[in-house]
Amino acid sequence: MRKPALLLATSLGLVLASHAFASDRPDPGKLTTRCLESAAKKFDVKNDYIQLQPVQAADSGYSIAGIADAGMDGKKNFTCQFDKKGKLANLVPEGK
């Protein structure tokens, strides 16, 4: 009887620990929204003209790569960089 109780306690501890860890991560939807709005403002285009890749973990936090279609000015590649708490640290346009 001790083994099932020990297994249950261990499992519960892992679930609680993983939940606590997961809650420390910023919401990917919010990161995407911040990146989209910042890129639209930077490249002076509507949100509909921006395509974003999924959020990626980075050493300093998170990043999102994207492309803004600026019409006659061409397509502009960029990366939104976020710190570990989810604050937008920088929007880096890729130069050609």
Does atom CG of Asn90 have more than 12 heavy-atom neighbours from other groups under 6.0 Å away?
-> yes
Under 4.5 Å between side-chain heavy atoms, chaining through other members, with only Ile, Leu, Val, Met, Phe, Trp and Tyr counted: pull out the rest of the cluster around Met72, sorted by chain and number.
-> none
CD1 (Ile50) and CZ (Phe78) are apart, to the nearest 0.5 Å, by 5.5 Å
When rounded to the nearest 0.5 angstrom, what is the spacing between SG in Cys35 and NZ in Lys42?
-> 12.5 Å
Work out which heavy atom in Thr79 is nearest to a heavy atom in Ser63; give both atom names and the distance.
-> CG2-CB, 4.0 Å
Quick one: which of Leu36, Leu88, Thr32 gives a side-chain contact (heavy atoms from CB on, under 4.5 Å) with Cys80?
-> Leu88
Any chance you could measure Gln51, atom CD, to Asp69, atom CG, to the nearest 0.5 Å?
-> 8.0 Å
Provide the closest heavy-atom pair for Leu91 versus Pro93 in the form atom of the first, atom of the second, distance.
-> O-CD, 3.3 Å
Backbone of Asp73 reached by a side-chain donor or acceptor of Lys76 within 3.5 Å | yes
Rounded to the nearest 0.5 Å, how far does CG of Asn77 lie from NZ of Lys75?
-> 9.5 Å
Value for OH (Tyr62) from NZ (Lys84), rounded to nearest 0.5 Å, stands at 7.5 Å
Distance (rounded to the nearest 0.5 Å) between Ile64 CD1 and Arg34 CZ | 9.5 Å
